Q: 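Pasting a structure here, questions to come.
Here the structure is a predicted model, which means the values were calculated and not measured.
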Amino acid sequence: MAISVMETRDKTSSAVMPSLFVVMWSSAFIAGVIGVGSAPPLLLTFARFALAGLLLGGFALAVRAPWPRGRRLAHVMGSGILVQAVQFGAFYSAIGLHVPAAVVALVQGLNPVVIALVAGRLLGERVSPRQWLGFGLGAAGVGLAVADRLSFSLAGVALCVVGLLALSLGTVYQKRFAGDMDVRTGTATQFLVSAPLVGLASLVFETPRVTDWGAFSGAVGWLVLVNSIGAFLLLNTMLKNAPASRVSTMFFLTPSVTAVMAWLFVGQSLHPLAVAGLAVGGAGVLLANRR
């Protein structure tokens, strides 16, 4: 009976975590739009990483979680710089150049395809024809979700591509070299190593000042608690327990969910194609993850 209860609990958790992760991750684009409207993007990213690192690091110390050391520490830091500093520095800078949040989510939503191409070589993860079909449906759903929002700058698109590559390569790197890290201390380490790098970049490339402290504080608070701590604890837990190519399929859903959130919370119009993209992308995720 005890084993049956534990198996039911594990199945429920494995079903809830991906859905919760998609909602949390997608909300970062809405908070990012609000935050970038009140402060430069790199300053916003620095505040996010610094506060999240201090909060999660303090919690990890309080519960005496094991911290990475030696070579593992170097791998955790390397993956953190890619997945945190480079990815979000690039994506939020693109938003600062007026690239629509849905378009940023579109580029990020191609992450599963890049990971599938890389994971086969570096992680030995076999991608079946059925999964490739799921990836194709997911990519089609991504395209449908933002088909009416394709207005952007060349520099902004280049930054989005940099962010996509950093997320994809950083995810594969972490899965291979730091996949067994403690999610509490490992995630805190990634934030703490990324914060000074982004802070220095803000001083060099921006004029760090806040024009609306209310909006800035609200955006940072949401990004820290929901997106940095909540979403990344979920992501790192899923990466610890499942193949990177399977976990990454969740990103197929973020453009459509972002479009719905933008309609609900910041008054952007919801195009029927966004709804169609959510349905097609969801079908792709189910197909790619079917055992």
Q: Could you pull out the closest heavy-atom pair between Ala31 and Ala219, with the gap in Å?
A: O-CB, 3.5 Å

Q: For Leu234, which residues count as a side chain to side chain contact (heavy atoms under 4.5 Å, CB included) partner, sequence neighbours excluded?
A: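 Counting only residues at least two positions away or on another chain, Leu234 forms a side chain to side chain contact (heavy atoms under 4.5 Å, CB included) with Met17, Leu20, Phe21, Met24.
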
Q: Please, which pairs that meet ring pair (Phe, Tyr, Trp, His ring centres under 6.0 Å) have at least one residue in residues 194-213, sequence neighbours excluded?
A: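 For residues 194-213, and leaving out neighbouring residues, the ring pair (Phe, Tyr, Trp, His ring centres under 6.0 Å) pairs sorted by first residue read Trp213-Phe216.
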
Q: Would you list the pairs meeting salt bridge (charged side-chain N to carboxylate O under 4.0 Å, His left out) in which at least one residue belongs to residues 205-228, sequence neighbours left out?
A: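 Listed once each, the pairs would be none.
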
Q: Among pairs that include at least one residue of residues 40-51, which meet side-chain hydrogen bond (donor to acceptor under 3.5 Å, both in side chains), considering only residues two or more places apart or in two chains?
A: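 Of all non-adjacent pairs touching residues 40-51, those that pass side-chain hydrogen bond (donor to acceptor under 3.5 Å, both in side chains) are Arg48-Tyr92, Arg48-Ser228.
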
Q: Within the 4.5 Å heavy-atom criterion, are Phe177 and Ser79 side-chain neighbours or not?
A: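 No, every pair of side-chain atoms sits at 4.5 Å or beyond.
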
Q: State whether the side chain of Lys240 and the backbone N or O of Asp182 hold a donor-acceptor pair below 3.5 Å, judged by distance alone.
A: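 Pair absent, no side-chain N/O of Lys240 close to backbone of Asp182.
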
Q: Do Ile229 and Phe232 belong together in a cluster built from hydrophobic side chains that touch within less than 4.5 Å?
A: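 Same cluster: Ile229 reaches Phe232 through Ile, Leu, Val, Met, Phe, Trp or Tyr contacts under 4.5 Å.
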
Q: How many angstroms lie between CG in Leu56 and CG in Leu225, if you round to the nearest 0.5 Å?
A: 11.0 Å

Q: If I take atom CZ from residue Phe191 and atom CG from residue Leu55, how far apart are they, to the nearest 0.5 angstrom?
A: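 Result: 10.5 Å between the selected atoms.
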
Q: Going only through I, L, V, M, F, W and Y residues with side-chain contacts under 4.5 Å, is there a path from Val183 to Val193?
A: no

Q: Looking only at non-hydrogen atoms, find the nearest pair between Val86 and Ala166 and report the distance.
A: CG1-CB, 3.5 Å

Q: Taking the side chain as everything from C-beta on, heavy atoms only, tell me whether Gln190 gets closer than 4.5 Å to Ile81.
A: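 Of all side-chain heavy-atom pairs linking Ile81 with Gln190, none is under 4.5 Å.
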
Q: Using the side chain to side chain contact (heavy atoms under 4.5 Å, CB included) criterion, which residues pair with Pro208? Sequence neighbours excluded.
A: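 In terms of side chain to side chain contact (heavy atoms under 4.5 Å, CB included), with neighbours along the sequence ignored, Pro208 is linked to Leu43, Ser202, Leu203.
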
Q: Return the OG1 to CG distance between Thr171 and Leu235, rounded to the nearest 0.5 Å.
A: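 Result: 6.0 Å between the selected atoms.
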
Q: Check whether any side-chain heavy atom of Met181 lies under 4.5 Å from a side-chain heavy atom of Thr185, and answer yes or no.
A: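 No, too far: nothing below the 4.5 Å cut-off.
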
Q: Any chance you could measure Phe29, atom CZ, to Met261, atom CE, to the nearest 0.5 Å?
A: 11.0 Å

Q: Test of understanding: with side chain to side chain contact (heavy atoms under 4.5 Å, CB included), list the residues that count as partners of Leu200, not counting sequence neighbours.
A: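 Once residues adjacent in sequence are excluded, the partners of Leu200 under the side chain to side chain contact (heavy atoms under 4.5 Å, CB included) criterion are Val204.
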
Q: Ignoring hydrogens, what is the shortest heavy-atom contact between Gly89 and Ser93? Give both atom names and the distance.
A: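 What the structure gives for the nearest pair is O-OG, 2.7 Å.
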
Q: Cluster question for you: counting only ILVMFWY and a side-chain heavy-atom cut-off of under 4.5 Å, with indirect links fine, are Val83 and Met238 together?
A: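 They do share one cluster, since a chain of ILVMFWY contacts under 4.5 Å joins Val83 to Met238.
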
Q: With hydrophobic residues grouped by side-chain heavy-atom distances under 4.5 Å, do Leu233 and Leu192 end up in a single group?
A: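 No, separate clusters.
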
Q: Would you please name every residue forming a side chain to side chain donor-acceptor pair (under 3.5 Å) with Ser26, sequence neighbours left out?
A: none

Q: Could you pull out all residues at least two apart from Thr187 that satisfy side chain to side chain donor-acceptor pair (under 3.5 Å)?
A: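 Side chain to side chain donor-acceptor pair (under 3.5 Å) list for Thr187, sorted by chain: Asn236.
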
Q: List in chain and number order the residues that pass side chain to side chain contact (heavy atoms under 4.5 Å, CB included) with Ser194, two or more places apart in sequence or in another chain; answer none if no residue qualifies.
A: Phe49, Gln84, Ala85

Q: Run the side-chain donor-acceptor check on residues 154-165: report pairs under 3.5 Å with partners two or more places apart or on a different chain.
A:
none

Q: Taking the side chain as C-beta and beyond, is there a heavy-atom pair between Leu44 and Leu223 under 4.5 Å?
A: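 Leu44 reaches Leu223 side chain to side chain.
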
Q: Can you check whether Leu239 reaches Gln174 side chain to side chain, under 4.5 Å on heavy atoms?
A: yes

Q: Treating Ile, Leu, Val, Met, Phe, Trp and Tyr as nodes and any side-chain heavy-atom pair under 4.5 angstrom as an edge, say whether Leu54 and Phe88 lie in one connected cluster.
A: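 Unlinked, Leu54 and Phe88 end up in two clusters.
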
Q: Please tabulate, for the side chains in residues 60-77, all donor-acceptor contacts under 3.5 angstrom to protein atoms that are two or more places apart in sequence or on a different chain.
A:
unit_1	atom_1	unit_2	atom_2	d
Arg72	NH2	Asp180	OD2	3.0
His75	ND1	Tyr173	OH	2.7

Q: Do Asn227 and Trp222 come close enough that some side-chain heavy atom pair is under 4.5 Å?
A: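 In short, these two side chains touch, coming nearer than 4.5 Å.
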
Q: Between Leu82 and Leu169, which heavy-atom pair has the shortest distance, and what is it?
A: CD1-C, 4.4 Å

